[in-house]
*Asks:* 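I am attaching a structure below and will ask some questions about it afterwards.
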Number of protein chains: 2
Amino acid sequence: MTVIFSKKCEYGLQAVLYMSAKGNDCVCPAEEISKKLKIPKEFVSKILQNLTESGIVDSKKGKSGGFMLAKDPSKIRLIDIVAAIDGLDLFNSCVLGFPSCSPDKPCPVHDKWGELRSKAYEMLASETVDKFKEKTIKKIGKM
Amino acid sequence: MTVIFSKKCEYGLQAVLYMSAKGNDCVCPAEEISKKLKIPKEFVSKILQNLTESGIVDSKKGKSGGFMLAKDPSKIRLIDIVAAIDGLDLFNSCVLGFPSCSPDKPCPVHDKWGELRSKAYEMLASETVDKFKEKTIKKIGKM
DNA sequence: TTTTAATCAGACAATTTAATCTGGTTATGT
DNA sequence: ACATAACCAGATTAAATTGTCTGATTAAAA
């Protein structure tokens with residue numbers, strides 16, 4: 001069961017946080033990420049290829065190749081990763097699944113939900129991956 | 001694309017809000033709900049059968065039968081409907097999909113997300129369906 | 001130069017979720 | 001009594017998501 005993000009997106013967030021925690025110029029093969037985070041190798045590989053197209057991650061082919069962050073971790077917001085994988089429909093779609101839910105055709109819980117949604121968006125848009133370095137290291141250590 | 005609830009759950013919430021808006025002792029056939037809310041008839045029927053087992057909805061068989069609320073709308077919280085259909089794992093699972101995410105093994109965004117999750121839970125647990133009568137009528141009118 | 005270890009592309013398989021179908025049972029109203 | 005209109009139960013199909021496999025290409029290291 002996923003909470004709000006797809007599995008792809010969850011894994012993408014995990015992988016980017018992991019790479020950020022490993023330090024700047026480190027090259028991480030998909031195999032390593034797969035083992036550390038217990039994500040199927042081919043799957044995480046695909047996801048990182050996606051993020052490469054989006055310019056968040058970079059890749060190096062051939063022996064001793066792998067994936068690395070394309071920018072400084074302080075320039076990568078959580079929302080950028082979500083946007084690249086799941087898109088931002090989450091923040092525009094109706095939580096009750098009503099068609100064309102908007103300020104002039106609001107669903108019953110439009111206002112109540114809108115508040116929470118805005119807070120979630122703000123959080124994801126203000127937090128950058130460098131902020132989670134310590135916590136990621138601790139978490140991985142306990143897995 | 002669903003936001004946080006499954007399609008089943010979205011439709012369940014819509015249907016209960018609709019029945020509540022229609023007034024107290026009204027009997028709503030699945031066909032009517034299906035047409036008004038543009039939900040496949042057989043599907044909404046299944047969902048309402050679920051909610052009947054959970055004691056939120058009641059049903060009457062035979063001609064001029066249909067579904068009705070099993071309790072007073074002021075006694076049905078939004079969270080009750082969510083719990084009956086999707087369950088409450090949503091509020092316990094890790095938003096990043098990490099295994100065994102808990103206060104002593106927190107994922108990187110555990111605290112930040114925890115706040116938002118609590119607020120969402122509180123909202124769903126404090127709001128009862130009777131509170132949305134006006135808004136539901138308005139919304140249905142515009143569909 | 002050859003082996004090796006990696007990304008990458010695209011097809012394929014499995015699983016979960018969403019939706020449909022068929023037939024049965026029930027009770028109302030004519 | 002009988003036709004009708006509803007719920008109900010279970011099987012089936014369809015679609016979306018998740019995960020796997022094969023082979024090609026690339027580039028470093030032996």
Side-chain angles (χ1 to χ4, degrees), chain A residues 1-15 19 25-35 37-70 85-87 89-90 93 96-97 99, chain B residues 1-15 19 26-35 37-70 82 85-87 89-90 93 96-97 99:
Chain A
M1 217 241 358
T2 67
V3 176
I4 49 171
F5 306 128
S6 69
K7 273 280 169 231
K8 262 193 196 168
C9 192
E10 288 181 357
Y11 291 158
L13 286 160
Q14 288 188 24
M19 288 191 282
D25 304 325
C26 102
V27 176
C28 307
E31 172 106 40
E32 173 191 336
I33 298 175
S34 161
K35 278 187 177 152
L37 299 177
K38 286 155 190 145
I39 304 172
K41 180 186 156 190
E42 308 299 335
F43 199 28
V44 78
S45 177
K46 271 276 154 59
I47 294 164
L48 289 169
Q49 284 169 39
N50 274 198
L51 290 175
T52 300
E53 287 168 22
S54 308
I56 293 169
V57 164
D58 232 336
S59 71
K60 200 182 154 203
K61 290 183 190 176
K63 191 163 180 172
S64 79
F67 294 94
M68 66 224 74
L69 298 184
I85 301 177
D86 278 352
D89 283 354
L90 176 64
S93 303
L96 296 185
Chain B
M1 216 240 1
T2 67
V3 175
I4 49 170
F5 306 128
S6 68
K7 272 280 168 230
K8 260 193 199 170
C9 192
E10 287 181 356
Y11 290 158
L13 285 161
Q14 288 188 24
M19 287 192 283
C26 102
V27 176
C28 307
E31 172 107 41
E32 174 191 335
I33 298 174
S34 161
K35 278 187 178 153
L37 299 176
K38 286 155 190 148
I39 304 172
K41 180 187 154 188
E42 308 298 336
F43 199 28
V44 78
S45 177
K46 269 277 152 56
I47 295 164
L48 289 169
Q49 283 168 40
N50 275 198
L51 290 175
T52 300
E53 287 168 23
S54 308
I56 293 169
V57 163
D58 231 336
S59 70
K60 201 182 156 202
K61 291 184 190 173
K63 191 163 181 176
S64 81
F67 294 95
M68 66 223 75
L69 298 184
V82 173
I85 300 177
D86 278 352
D89 283 355
L90 176 65
S93 304
L96 296 184

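Quick note on labels: first sequence line is chain A, next is B, and so on, each numbered from 1. Quick note: numbers below take in every heavy atom, side chains included, and nothing from hydrogens, waters or symmetry partners.
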*Asks:* Determine whether A:Gln14 and A:Val44 make a side-chain contact, defined as any pair of heavy atoms from C-beta on separated by less than 4.5 Å.
*Replies:*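 Side chain of A:Gln14 against side chain of A:Val44, heavy atoms only: no contact under 4.5 Å found.
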
*Asks:* In whole angstrom, give the distance that lies between atom CG of B:Leu51 and atom P of D:dC8.
*Replies:*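 Taking atom P of D:dC8 as the reference, CG of B:Leu51 is at 12 Å.
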
*Asks:* State whether the side chain of B:Ser34 and the backbone N or O of B:Pro40 hold a donor-acceptor pair below 3.5 Å, judged by distance alone.
*Replies:*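 Between the backbone of B:Pro40 and the side chain of B:Ser34 there is no qualifying donor-acceptor contact (under 3.5 Å).
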
*Asks:* Tell me the interatomic distance from B:Glu42, atom CD, to C:dG24, atom P, rounded to whole angstroms.
*Replies:*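 It works out to 16 Å between those atoms.
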
*Asks:* Rounded to whole angstroms, how far apart are CG on B:Asn50 and P on C:dA19?
*Replies:*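 Distance check: B:Asn50 CG to C:dA19 P gives 14 Å.
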
*Asks:* Any non-hydrogen side-chain atom of A:Met19 less than 4.5 Å from a side-chain atom of A:Leu48?
*Replies:*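 Heavy-atom side-chain distance check passes, below 4.5 Å.
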
*Asks:* Are any side-chain N or O atoms of A:Ser93 and backbone N or O atoms of A:Asp89, one a donor and one an acceptor, separated by less than 3.5 Å?
*Replies:*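 Between the backbone of A:Asp89 and the side chain of A:Ser93 there is a qualifying donor-acceptor contact (under 3.5 Å).
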
*Asks:* Just call it for A:Ser6: base, sugar-phosphate, or nothing, with non-hydrogen atoms closer than 4.0 Å on any strand.
*Replies:*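 Sugar-phosphate contact only.
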
*Asks:* Toward the 5' end of DNA chain C, which comes first, A:Lys63 or A:Leu48, by nearest nucleotide?
*Replies:*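 Comparing both residues, the 5'-ward one is A:Lys63.
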
*Asks:* Just the rounded figure in Å: distance from P of D:dG19 to CD of A:Glu10.
*Replies:*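 It works out to 10 Å between those atoms.
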
*Asks:* Write down the distance between CD (B:Gln49) and P (C:dA19), rounded to a whole number of angstrom.
*Replies:*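 Rounded to whole Å, this separation is 16 Å.
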
*Asks:* Which comes earlier along DNA chain D counting from the 5' end, the contact point of A:Thr2 or that of B:Phe67, where each point is its nearest nucleotide?
*Replies:*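 First, find each residue's nearest nucleotide; the 5'-ward one identifies B:Phe67.
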
*Asks:* Closest to the B:Lys61 side chain: C:dT26, C:dA19, D:dA27?
*Replies:*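 Nearest listed nucleotide: C:dT26.
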
*Asks:* From the set D:dG19, D:dA9, C:dT7, return the single nucleotide nearest to any side-chain atom of A:Phe43.
*Replies:*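 Of all the options, the side chain of A:Phe43 is nearest to D:dG19.
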
*Asks:* Under 3.5 Å, side chain of B:Asp86 to main-chain N/O of B:Phe5, donor-acceptor pair present?
*Replies:*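 No, the answer is negative, given that no donor and acceptor are paired below the 3.5 Å cut-off.
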
*Asks:* Contact class for B:Gly65 vs. all strands (heavy atom < 4.0 Å): base, sugar-phosphate, or nothing?
*Replies:*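 The answer is sugar-phosphate, as B:Gly65 gets under 4.0 Å only of primed atoms, P, OP1 or OP2.
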
*Asks:* So, under a plain 3.5 Å distance rule, would you say the side chain of A:Lys8 forms a donor-acceptor pair with the base of D:dG19?
*Replies:*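 Absent.
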
*Asks:* Of the nucleotides D:dC7, C:dG29, C:dA18, which has the atom closest to the B:Ser64 side chain?
*Replies:*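 Looking only at side-chain atoms, B:Ser64 lies closest to C:dG29.
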
*Asks:* Rounded to the Å, how far apart are A:Ile47 CD1 and D:dT17 C1'?
*Replies:*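 These atoms are roughly 12 Å apart.
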
*Asks:* Rounded off to whole Å, could you give me the NZ-to-P distance for the A:Lys46 and D:dT22 pair?
*Replies:*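 Those two atoms, NZ and P, are 14 Å apart.
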
*Asks:* Reckon A:Lys60 touches a base, only the sugar-phosphate, or nothing at all at heavy-atom distances under 4.0 Å?
*Replies:*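 Sugar-phosphate, backbone atoms only, no base.
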
